Amino acid sequence: MQSEVMFAGFGGQGILMCGKVLAHAALEEGHEVVWIPSYGPEMRGGTAYCLVMISDKPIGSPVVRNPSHLVAMNRPSLEKFASVVKSAGIVLINSSLISIDAGRTDVDVIKVPVTSIAKELGSVRAANIVALGAFVARSKIVGFDTLRHCVHEEFVNKNNFLSLNLNALEEGKKAVEMPAEK
Amino acid sequence: MQSEVMFAGFGGQGILMCGKVLAHAALEEGHEVVWIPSYGPEMRGGTAYCLVMISDKPIGSPVVRNPSHLVAMNRPSLEKFASVVKSAGIVLINSSLISIDAGRTDVDVIKVPVTSIAKELGSVRAANIVALGAFVARSKIVGFDTLRHCVHEEFVNKNNFLSLNLNALEEGKKAVEMPAEK
Amino acid sequence: MGKTYQKPESLSDQHTHYCPGCTHGVIHRLIAEVIDELGFRGRCVGIAPVGCAVLAYNYFTFDFQEAAHGRAPAMATGIKRVRPDLIVFTYQGDGDLASIGMGEIIHAANRGEKFTSIFVNNAVYGMTGGQMAPTTMPGQHTTTSPFGRNVEDVGMPIKMAELLAALQTPAFITRQTVIKPKYIIKAKKAIKRAFTYQLENQCFSFVELVSTCPTNWGMTPAEAVEWTENTLLGYYQLGEYKTPESISGGEDAK
Amino acid sequence: MGKTYQKPESLSDQHTHYCPGCTHGVIHRLIAEVIDELGFRGRCVGIAPVGCAVLAYNYFTFDFQEAAHGRAPAMATGIKRVRPDLIVFTYQGDGDLASIGMGEIIHAANRGEKFTSIFVNNAVYGMTGGQMAPTTMPGQHTTTSPFGRNVEDVGMPIKMAELLAALQTPAFITRQTVIKPKYIIKAKKAIKRAFTYQLENQCFSFVELVSTCPTNWGMTPAEAVEWTENTLLGYYQLGEYKTPESISGGEDAK
Amino acid sequence: MGKKVLMKGNEAIGEAAIRAGCLNYFAYPITPQSEVAEYLSHRLPEVGGVFLQAESEVAVSYMIFGAAGAGARVFTTSSSPGISLMSEGLSYLAGAQLPAVFVNIMRGGPGLGGILPSQADYFQATKGGGHGDYHLLVMAPASVQEAAEMVMRAFPLAEKYRNPVIILGDGLIGQMMEPVEFPDYLKTEPTKKDEWATNGMQFRNSNKPNLVKSLFLDPNQLNENNLILKAKYERMKTEDTLFEPYNIDSPYQVLIVSYGTMSRVCKTAIDHLKENKFEVGMIRPQTLFPFPEVAVFKAASKETCKAVISIELSMGQMVEDVQRCVQGLRPVHWYGECGGNVPTPEKVMEVVKSLV
Amino acid sequence: MGKKVLMKGNEAIGEAAIRAGCLNYFAYPITPQSEVAEYLSHRLPEVGGVFLQAESEVAVSYMIFGAAGAGARVFTTSSSPGISLMSEGLSYLAGAQLPAVFVNIMRGGPGLGGILPSQADYFQATKGGGHGDYHLLVMAPASVQEAAEMVMRAFPLAEKYRNPVIILGDGLIGQMMEPVEFPDYLKTEPTKKDEWATNGMQFRNSNKPNLVKSLFLDPNQLNENNLILKAKYERMKTEDTLFEPYNIDSPYQVLIVSYGTMSRVCKTAIDHLKENKFEVGMIRPQTLFPFPEVAVFKAASKETCKAVISIELSMGQMVEDVQRCVQGLRPVHWYGECGGNVPTPEKVMEVVKSLV
Amino acid sequence: MAFKHIIDVDRCKGCGLCVVICPKNVLEISDKVNSKGYFPAYQARPEDCIYCTKCCIMCPDVAITIIEEGKESAA
Amino acid sequence: MAFKHIIDVDRCKGCGLCVVICPKNVLEISDKVNSKGYFPAYQARPEDCIYCTKCCIMCPDVAITIIEEGKESAA
Ligand SMILES: Cc1ncc(C[n+]2csc(CCOP(=O)(O)OP(=O)(O)O)c2C)c(N)n1
Ligand SMILES: Cc1ncc(C[n+]2csc(CCOP(=O)(O)OP(=O)(O)O)c2C)c(N)n1
Ligand code: SF4
Ligand code: SF4
Ligand code: SF4
Ligand code: SF4
Ligand code: SF4
Ligand code: SF4
Ligand SMILES: [Mg+2]
Ligand SMILES: [Mg+2]
C-alpha cells in the first residue's frame with residue numbers, strides 16, 4: 001500500500017516542515033517514505049508545496065499525478081490541486097483563508113479554520129501543525145503518538161515554539177474529532 | 001611530381017621566412033604549395049624548422065617522413081635530419097657553423113659557408129637568403145628570376161634590408177656555381 | 001509636476017516578484033525615472049543579472065539581455081563596442097559583481113567601457129537563499145557563515161567603489177543607498193549623473209547602492225532599514241569615490 | 001661567505017629555457033636563495049604559471065604544481081587550506097595574474113590566504129609571442145597593439161600592487177624590480193620578508209617585480225634594462241604599498 | 001550500520017563525504033544544491049574539516065586541484081552552469097591524474113535554463129565537457145541512499161584511478177528527503193600519495209621533489225600520458241561498470257534503459273505494465289561512464305525483445321550510447337522531457353506500449 | 001574571385017571573416033592561434049571594425065553574447081583550454097538562440113597538454129562541452145582554403161539557425177601556409193535581426209522591447225525552448241550535413257572515416273595503396289555535427305567493404321559516432337595519435353592493411 | 001491645489017516602509033488580505049496627509065500614486 | 001683572501017648584462033660560440049676584478065660563481 005499526501009500553501013506557511021514531520025513519523029513507524037518539495041525559483045510570495053509518499057515497499061516513481069490526499073492551506077493551492085486528488089482521498093481546507101469549496105463529492109472534504117485556531121493559540125505560524133494534527137487525526141496515516149513524538153523532536157531545540165506546536169497539534173486533532181463543518 | 005624542402009636551424013636564423021620566400025616563388029610559378037612551420041613551445045634558442053612542399057597536384061599529406069632536400073643551418077639540424085633525406089636529394093650544409101659531414105653518399109651534399117658570406121655582406125641575418133640562393137641555384141626547384149622577385153617583394157618594405165638580401169641571394173648562387181667544396 | 005507622483009513610462013505594469021520591502025524595487029524605479037527624464041528609452045539596453053533581479057527585464061519597457069552569473073560587464077562591453085549608439089546599463093548584485101564577476105567588472109572599468117554599472121550591494125546572496133557574499137559584514141550570520149563571518153578565515157568585506165577607484169582610467173564611481181527618501185533622492189541624482197556621462201561618451205560609470213534583503217537578513221523591512229543605516233553605512237561609506245574630472249581617485253564625498 | 005657566490009641548493013642544475021637576459025632567471029635565483037636561507041625547502045610547494053615560466057618547476061629542487069592560466073592563487077588556496085604546514089608560493093606573469101587571473105588574485109588576497117604571490121610584471125605576454133598585457137604601457141607596441149597601446153580604447157595599465165592595497169584585509173604588498181644589482185638586493189629582502197610573514201602565518205604576501213622581456217620588447221637585454229628604469233619605473237613606482245602592521249593601506253615606500 | 005535518518009539528498013551527500021573520510025570541501029552556491037554547502041558550513045567545523053566558499057566555480061575547480069595535488073581528499077558540489085565553468089579544471093585534473101570527487105545536481109539547460117530536475121548534462125559528464133582525451137568516472141544515483149553510498153565509494157575509486165569521479169544526480173535527488181544510513185564499511189582511508197603528491201619532501205622523508213602537472217610539450221610524452229589515461233579508462237570498463245537490471249528475467253518485449261530519478265518512474269511503469277501482462281525489462285546504468293555496454297547489448301539481444309528505448313530527462317543523449325551498444329540489433333527509440341517536468345509513470349506506460 | 005595569396009591558416013581565418021562581412025572580433029591570445037588576433041589587430045582598424053583583446057576566454061564568450069544579442073555579426077578564435085572556458089558561454093548562446101562563430105585551433109590535451117596539432121576536442125565540440133541540451137554546428141576544414149571558405153559560410157549558417165557555429169581545425173590548419181582565395185560570392189549580408197535583437201527600439205521603429213535570454217523558469221516553457229532547439233538540430237541534419245567522399249567508387253575493402261589534416265594523410269595513403277592495388281575508400285566529414293550518418297552507413301554497406309576505421313588525432317572519439325552509424329554492419333576500428341605527432345601516410349597504410 | 005493619494009491594493013506587499021517613513025503618521029497596515037496574501041497599507045488618517053510624496057519615493061513596489069485632482073494620468 | 005671567478009660557458013647566454021654592470025669593466029662577450037649557439041661572456045681583464053659579485057647578482061642564468069680559493073663548493 002502506498003499513499004501520497006500533498007501539502008500546499010503560501011511560501012512562509014511552513015508547508016515543507018509540515019510534510020517533513022509527517023515523513024519523519026512514517027519513518028519512525030517503519031514505512032518507506034519520500035518527501036519531495038517544490039523548489040521553485042526563489043520567488044518570494046509564491047506558492048509552496050510538498051509531497052509525502054508513504055509505502056510498505058520501496059518507493060518507485062517520486063512523481064505522482066494523483067495524490068491520495070491534499071492539505072490546502074490557501075486558495076490557489078486548492079484551486080490547483082483539488083481536482084487531481086484520488087477518489088476517496090481526504091481534502092483538508094484551511095477555511096480561515098479559503099472561502100470556496102473543493103468542488104468534489106468523491107473525496108472526504110474537511111474544513112478546518114487552522115489559521116484562526118493557530119492565532120488563538122498565540123501565533124499564526126503554528127497553523128501548519130494544526131492542519132497536520134487535523135489531517136492525521138482524520139486519516140490515521142500514522143499513529144498520533146508517533147506524530148506527537150516527532151513534533152516534539154522537531155521543536156525541542158526551538159524552545160519557545162515547542163509547547164505552542166504541541167498545543168497546535170492537539171487543537172488540530174480536536175477540530176476534526178468534533179463533527180467537521182461541511 | 002612533388003618535392004619537399006626542409007629548412008632547419010636555430011631559432012632566429014630566419015628559417016621560417018626563408019621557406020616562405022621559396023613557397024611564394026613556387027606559387028608564383030603556378031605550383032601547389034604548402035609551407036609548414038615548426039611551432040614548438042615558445043622556448044627561446046631552440047631549433048626551428050620548416051617544410052616547403054611543392055607539387056603539380058593538390059597536396060595530400062602535409063606530413064612527410066622523407067623530404068627531398070635539406071638546408072641545414074646548424075649542426076643539430078644536420079644531425080637530426082640528414083638521415084631522412086631521400087636518395088638523390090640535396091643536403092646544403094652551412095659550413096660556417098657545421099664542421100661535420102652529412103654521412104650520406106647517396107645525396108648531393110653542398111657545403112656553403114653561408115654565415116661567413118652573410119657577415120661579409122654586412123649582417124649575419126642574411127645567412128638564410130644566402131642559403132636559399134645557393135639551394136635554388138643548385139636544385140632549380142623554382143626559376144631564379146622568380147625567386148629574386150619574391151625576395152624583392154619580401155623586403156621591399158624593409159628598406160634597409162632589401163639590397164643586403166638581394167646581394168645575399170646572388171652570393172649564394174655564386175657560391176654553388178663555383179665548384180662546391182666537397 | 002511638483003508633488004504629483006506616478007509610475008515612470010520606462011517601468012512596466014508587472015508586479016515584481018521581490019519580497020515585501022526589498023529595495024530592488026526602489027532601484028528599478030529610480031533607473032526608470034532617470035531614463036524617462038533623459039529620454040533614451042528607445043536606445044536603451046539593460047542587462048539583468050543572475051540574482052534576485054534575474055527577472056528585471058519583466059519590469060522595464062525597453063530592450064534587455066539576461067546575463068550569466070557575473071558576466072554582465074563583458075556583455076555590456078560586447079554591446080557597446082559594436083553599437084556605441086546604444087545606452088547600456090548592467091544591474092548586478094554583490095555576489096554577481098563582487099564575487100564571481102570580479103574579473104569582468106575590474107577589466108571593464110579599467111578599459112573605460114562606456115556603460116553604466118548599477119551595483120546592488122545587499123551584503124548577501126539573495127536569490128540562492130542567503131549565503132555569504134564578499135560584502136557580508138564581519139560577524140554577520142548567513143546560511144554559509146552560520147557562526148557569523150569570520151574575518152580571520154575569509155577576510156574583510158570588499159568595498160567595490162573604493163577598489164574600482166584605485167584604477168587609473170577615468171571613471172565616475174559613487175556609493176549611495178536607497179533606504180530612506182533623503183538617500184533615495186541623492187541616489188537618483190547619482191544614477192542620472194552616471195547615465196549622463198555615458199550619454200556624453202565620457203567614461204565608465206559605477207553606482208553602488210547599499211540595499212536591504214529583509215528576507216535573508218531575517219528582519220522586517222523596517223528593521224532592515226535600521227540595520228543598514230547603523231551598520232552597513234558605517235563600513236560602506238556614501239560618497240563619490242572618483243569622477244572623470246578628478247582622475248586621482250580617493251574620496252571627495254559630496 | 002662574504003664575497004663568494006654560488007648557486008643556491010633550492011635551484012636545480014638545469015639550464016633555463018629563457019631568452020638571454022630575461023629576468024625570470026634572476027627572480028628564480030632570489031626565491032631559491034631565500035628558501036635556502038629560511039630553510040623550508042623540505043616543506044615548500046611552488047606553483048608554476050602558464051606563461052614563460054611554465055617550466056619553472058624544472059629549475060627548483062622542491063615540490064611543484066603547474067597551474068592553469070591565471071588560477072595559481074586558487075590552487076595555492078587549495079593547498080594552504082588543507083595543508084597549512086606547507087609553505088606555498090605562486091609565480092605569475094602579468095597576463096596570468098592581472099588579466100585572466102584577476103578574480104582569483106583579488107579574492108585570495110582579500111581572504112588573506114597565507115601564501116606568497118610572486119608577480120612578474122614584464123608589461124607583455126611573453127610566452128605567446130608578445131601580445132598586449134593589462135600592464136602594457138601607454139603607446140607601447142605589441143603584436144596586438146600594433147599602433148601602440150591606445151588608452152582611449154583600452155584604458156590605462158593596471159597597477160596591481162596599488163589595487164590589492166585597496167583591499168581591507170591585512171597583507172604585505174610591495175613592488176620591486178630586478179634590473180640592476182642595487183634593486184635586486186632590495187627585491188630579495190622583500191621576498192624574504194614576504195615568506196617570513198607566511199612562515200609566521202600572518203598574512204597574504206605579494207611581491208610585484210618589474211621585469212624585462214627583451215625578446216618581445218624588441219630590445220637587447222641592456223636596452224631593456226634602460227627602458228625599464230626610465231619608463232616602467234616611472235609608472236610602476238617601487239615601494240611598500242601595504243604591511244600587515246599598517247592596515248590602512250596607501251603608500252609608505254621604504 | 002547506523003540508524004536510518006530522514007535527510008535531504010543534498011545533506012546526505014555532504015554527510016556521506018564526511019563519513020567516507022573526506023573533510024575538505026570547496027564550493028560556490030547554486031540552486032538546487034546549495035544545501036550541501038549550507039550543511040557543511042556547520043558540520044565541517046565540528047569535525048575539524050575545511051569548508052570554504054570560493055569566489056566562483058572556476059576557482060573551486062582549481063582549489064580542488066591544489067588540494068588534491070597536495071594529497072588531500074577533497075570534493076565539491078555544483079549544478080549544471082557551475083560544472084560548465086569547471087570544464088577546464090576537470091580537464092586539468094584528469095590530465096594531471098588527480099583524484100577528486102565532483103557532484104552535479106543537474107538543473108534544466110542550456111544557459112541559465114531553469115532550476116528543476118534534468119539529466120541534460122549526460123554528454124558533458126560522459127564525453128568530457130573539457131578539451132582533450134579524458135573521461136570522468138560518472139555515477140548516477142536513483143535515491144538518496146544510493147547518492148550517499150556513491151559519494152562514499154567515489155573517493156576510493158578516484159584514488160584507485162587517480163582520476164576525477166563525478167556523481168550526476170538530477171535536482172530531485174538533491175531536494176527530496178528519504179531515509180538514509182551511512183554504512184561504516186564504506187569509510188576508507190585515503191591511499192598513500194607520497195609517490196606523486198606535493199605534500200612536502202620533509203614529510204615523506206624524500207629528497208626527490210614531486211611534480212603535479214598536465215603539461216607535456218614533447219609530443220611523445222603527451223601521447224604517452226594519453227595512453228596511460230586510455231588504459232585507465234579501459235580498466236574502468238572491466239572493473240567498475242555498474243548497473244541494475246530490472247525485470248530482466250521476464251520475457252520482455254521492450255527494453256528500457258534509464259537512470260536516476262527517471263528510472264524510478266520507469267520501475268513503477270514496469271510494475272503497472274506487468275500487472276497488465278505487458279513485460280518490460282530495464283537496465284539502469286549506475287555508472288554512465290563506464291557505460292554498461294555489454295549488459296545493454298545482451299539485454300537487447302534477448303529473443304522476446306522487440307525494441308529498445310532510452311528514457312531520459314533530456315532531448316536524447318544517452319540514447320546515442322544505447323544505439324552504439326545495440327549495434328543495429330533492435331530499433332532504438334528515445335523518449336524524454338527536459339524542462340524540469342518529470343514524466344509520470346502513466347506517460348511512460350503509454351510511450352512504451354506504443355513501441356510494439 | 002581574387003588572386004591566390006599565400007597565407008597562414010590563422011591569417012586566412014581572420015581575413016575570411018572580414019570578407020564574409022564580419023567586422024567584430026573579441027579574443028584572448030593562445031597558441032597555436034594567436035596570429036588571428038595579431039592579424040586582426042591591424043586589419044580591423046583598417047576596415048573600421050571592432051578589435052578587442054579581452055581579459056579572458058570567459059569574458060570573450062560573453063562579449064560575443066552581448067554583441068550577437070545586439071544584432072551584430074561577431075566571432076572569436078581560441079584553442080582547446082580557451083574553448084573549455086567558453087563552455088558556459090556556448091551553452092548560453094545556444095539557449096538564447098544567438099548566432100556567432102567560434103574557431104577552435106585545437107592543441108593537445110587534456111589540461112595544459114601541448115601546443116601541437118590535435119583533434120581531441122571532437123567530443124567537446126560535437127556533444128556540447130557545456131551543460132544542457134544543445135549542439136553547435138561543427139565544421140572541420142582540411143586546408144587553408146577550406147578553412148577560409150568555412151569561416152565565410154559559417155556566418156550565414158549561424159544566422160540561419162540562430163545557433164553558434166564552431167570551426168574545428170587542428171594546429172596545423174592554423175599554422176601552415178597555403179595559397180588561398182576568398183570567393184566573392186561567399187560575402188553575405190547579415191540577416192535582419194529586428195525581431196529579436198536588443199538593437200534599440202527606436203532604431204527598429206518599434207515600441208515592443210526585445211529580450212535576449214536563456215532563462216525559462218516555467219518547465220513547460222523550458223521544454224518548449226528545448227524542442228525548438230531540437231527541431232533546429234534535426235533540420236541541420238537534413239539541410240547542412242557536408243562530407244567529401246574519396247575513392248568511393250572503387251571496390252574498396254576498407255572504409256576510412258577521417259577529417260581535417262588527418263584526412264589528407266589518409267588521402268596520400270589511399271593513393272599509394274591504390275598503386276599497390278589495395279583499394280580503400282574514405283568519407284571525410286566536413287561537418288562533424290551534423291555528422292554524415294547516412295553517408296557513413298551507406299559507404300560501410302558496400303559489399304566489398306570488410307572493415308571500417310576511424311582515423312583521428314585523438315584517443316578515439318569520432319569512432320563512437322562511426323560505430324553508431326555503422327550499426328554493427330561491419331567491424332569498426334580506430335587508429336590515432338594524440339600527442340601532437342601526426343602519423344605519416346606510411347603508418348596509415350600499415351594500419352589499414354592490417355585490417356584485412 | 002488638491003491632490004489624490006492612491007494605494008494600489010494589489011501592488012502593495014504590506015512591507016510597512018511607507019508607514020514608518022510618513023512624517024504625518026498617516027498610513028497603517030490593513031488587516032484585510034489582498035489577492036496575493038499580503039496585508040496592504042492604507043491611509044488611516046487621510047486628513048493629515050500633506051502630499052509630501054515621501055511614501056511614493058519610499059515604496060519599493062510603486063504602489064502609491066499621487067495625482068493632482070482633475071488631472072488624470074497622461075500615460 | 002684570494003677568490004676565483006668562474007663563468008660556466010654553457011650556462012651563459014651571452015646576454016651581456018654582466019658586462020654592462022661590472023664596475024671595473026672586466027667582462028666582455030667572446031666571439032666563440034658555445035654549445036647552444038650563444039657567445040658567452042668571459043673575464044677579459046681578470047686582473048681588474050675586485051670580486052664584488054655584482055655580475056653574479058645580475059646574471060639571470062646563474063652562470064657566474066665566485067669562490068674563495070682553496071675552499072671548493074660544499075654543496
Ligand atoms: C555559474 C553560476 N553559479 C551560481 C549560480 C547561482 N546563483 C544564482 S543567483 C546567485 C547569487 C546572487 O546573489 P547577488 O548577486 O548578491 O544578488 P541578490 O540575489 O542578492 O540580489 C547565485 C550564486 C548561477 N546561476 N550560475
Ligand atoms: C586558458 C588559457 N588561455 C590562454 C593561454 C595561452 N597563454 C599561455 S601563456 C599566456 C600569457 C603569458 O603572459 P604572462 O602571464 O605575462 O607571462 P610571461 O610569459 O610574460 O612571463 C597565454 C595567454 C593558455 N595557456 N590558457
Ligand atoms: S531575497 Fe532579499 S534581495 Fe531577494 S527579493 Fe527577497 S529581500 Fe530582495
Ligand atoms: S619571451 Fe620574454 S619573458 Fe619570455 S623568456 Fe623571452 S625574454 Fe623572458
Ligand atoms: S504623501 Fe507624505 S504625508 Fe501623505 S501619506 Fe505619503 S508620506 Fe505621509
Ligand atoms: S511601501 Fe508600498 S508596498 Fe510597502 S506597505 Fe507601503 S504601499 Fe505597500
Ligand atoms: S665580480 Fe665585480 S668586478 Fe669582478 S667581474 Fe664581476 S662585477 Fe666585475
Ligand atoms: S649575465 Fe650571465 S648569461 Fe648574461 S652574459 Fe653574463 S654570464 Fe652570460
Ligand atoms: Mg546580494
Ligand atoms: Mg608577462
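Each chain gets a letter, A, B and so on, in the order the sequences are listed, and its residues count up from 1. What you see is a predicted model, and the numbers here were worked out from it, not measured in a lab. Reckoned from all heavy atoms, side chains included, excluding hydrogens, waters and symmetry mates.
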* Structure fact -> Looking only at D:Val151, D:Ile105, D:Asp153, the option with the highest number of non-hydrogen pairs under 4.5 Å against chain C is D:Asp153
* Asked: C:Glu113, C:Met102, C:Lys114: which one forms the most heavy-atom pairs within less than 4.5 Å of chain D?
  -> C:Met102
* Asked: What distance separates D:Ile158 CD1 from C:Ile106 CD1, expressed to the nearest 0.5 Å?
  -> 7.0 Å
* **Part of D:Glu104 within contact of chain C (heavy atom distance under 4.5 Å)** => neither
* Hey, is CD on C:Glu152 packed in by over 12 heavy atoms from elsewhere, all under 6.0 Å? -> no
* **Flag, side chain of C:Asn110 to backbone of D:Pro157, donor-acceptor distance under 3.5 Å** => no
* Minimum heavy-atom distance D:Ala166-C:Leu163, with the two atoms named -> CB-CD1, 4.1 Å
* Structure fact -> Listed by number, the residues in residues 69-101 of chain C that come under 4.5 Å of chain D (heavy atom to heavy atom) are C:Arg81, C:Ala98, C:Ser99
